[in-house]
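Structure, as structure tokens:
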Amino acid sequence: AECLIKQEKEEVSSGNLGDTKKASYKEDKGKRLERRNAIKKAKRDMGKIEPLIEKLKAKAEGLQTEIDNSDGEGWTVLADLTEQMQKVNDEIEEKEMEWLELAESLETLEEEEAVASA
């Protein structure tokens, strides 16, 4: 503790303390700005993904209806519809995982922002 007090006194007497605080403030300001931009981007990306997921779910429901109504059309039609359904379900899962990753990232960034502004 004594060496820190001594170091601070030396900085005050040499005039470096103000420069150190200014540099630290600019660095903190840059980090805050970067974090806020990351929060905005995550929210924007999540807002873009949500409608895509809804469209894909509607498409999956439509394909399921086609599968249900394709009783007499043969196994090739059923296989094709099932393959399309699998692709849509895979895409839905991919978008949901992307959304979850963004949500976790956003939560972390918002917690950091709350700590920084406290």
Side-chain angles (χ1 to χ4, degrees):
E2 290 180 22
C3 66
L4 291 175
I5 294 171
K6 182 180 177 184
Q7 182 181 3
E8 189 175 315
K9 285 180 182 179
E10 288 174 2
E11 287 178 353
V12 169
S13 65
S14 66
N16 290 339
L17 186 62
D19 295 339
T20 306
K21 284 185 179 181
K22 284 180 185 178
S24 176
Y25 175 76
K26 285 183 180 181
E27 182 178 312
D28 290 346
K29 185 177 179 182
K31 287 180 183 179
R32 284 193 312 267
L33 184 60
E34 185 178 312
R35 188 173 36 247
R36 287 180 185 152
N37 287 338
I39 288 171
K40 288 177 187 177
K41 184 181 183 325
K43 286 180 179 181
R44 185 174 47 246
D45 290 347
M46 287 174 69
K48 289 178 182 177
I49 291 173
E50 290 168 353
L52 287 175
I53 292 172
E54 294 305 315
K55 285 180 183 178
L56 289 168
K57 285 183 178 182
K59 187 175 182 179
E61 287 177 20
L63 286 169
Q64 185 61 50
T65 302
E66 284 186 56
I67 290 171
D68 293 342
N69 295 333
S70 67
D71 293 338
E73 295 186 29
W75 67 271
T76 55
V77 172
L78 184 60
D80 183 46
L81 290 172
T82 304
E83 185 179 324
Q84 289 178 28
M85 180 76 157
Q86 185 60 44
K87 286 180 183 178
V88 170
N89 284 335
D90 289 345
E91 197 172 345
I92 289 171
E93 186 175 331
E94 179 184 318
K95 293 296 179 188
E96 286 176 340
M97 287 302 296
E98 189 177 339
W99 188 92
L100 281 172
E101 289 171 3
L102 283 168
E104 289 174 0
S105 173
L106 179 62
E107 183 179 350
T108 302
L109 289 167
E110 286 178 336
E111 286 174 3
E112 289 174 3
E113 182 69 17
V115 168
S117 25

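Only this structure's heavy atoms are used, side chains among them; waters, hydrogens and symmetry mates stay out. Heads up: numbering here begins at 1 and tracks the sequence.
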For Glu110, check side chain to side chain donor-acceptor pair (under 3.5 Å) against everything at least two apart and list the hits. none
Distance, nearest 0.5 Å, that separates CD of Glu112 from CZ of Arg35: 6.0 Å
Name the atoms and distances for all side-chain donor-acceptor pairs under 3.5 Å in residues 44-52, with sequence neighbours left out.
residue : atom : partner : partner atom : Å
Asp45   : OD2  : Lys41   : NZ           : 2.9
Glu50   : OE2  : Trp99   : NE1          : 3.0

With side-chain contact (heavy atoms from CB on, under 4.5 Å) as the test, would you mind laying out the steps for Ile92 and Lys95 before giving the verdict? CA-CA 5 Å; Ile92 289 171; Lys95 293 296 179 188; 6.0 Å; no
Applying side chain to side chain contact (heavy atoms under 4.5 Å, CB included) between Leu106 and each of Lys43, Glu101, Lys40, report the one that passes. Lys43
Results of side chain to side chain donor-acceptor pair (under 3.5 Å) for Gln84 - residues two or more places apart only: Asp80
Quick one: do the Asn89 and Glu93 side chains pair a donor with an acceptor below 3.5 Å? no
Selection residues 64-74 - residue pairs positive for side-chain hydrogen bond (donor to acceptor under 3.5 Å, both in side chains), sequence neighbours left out: Gln64-Asp68
Pairs satisfying salt bridge (Lys or Arg N to Asp or Glu O under 4.0 Å), at least one member in residues 52-65, at least two apart: Lys57-Glu96
When you group the ILVMFWY residues by side-chain heavy-atom contacts below 4.5 Å and let the links chain together, are Met85 and Val88 in the same group? yes
For Glu83, what residues pass the salt bridge (charged side-chain N to carboxylate O under 4.0 Å, His left out) criterion, not counting sequence neighbours? Lys87
About how many Å separate CG of Leu100 and CE of Met97, when rounded to the nearest 0.5 Å? 6.0 Å
Single-linkage hydrophobic cluster Leu56~Leu81, side-chain heavy atoms < 4.5 angstrom: yes
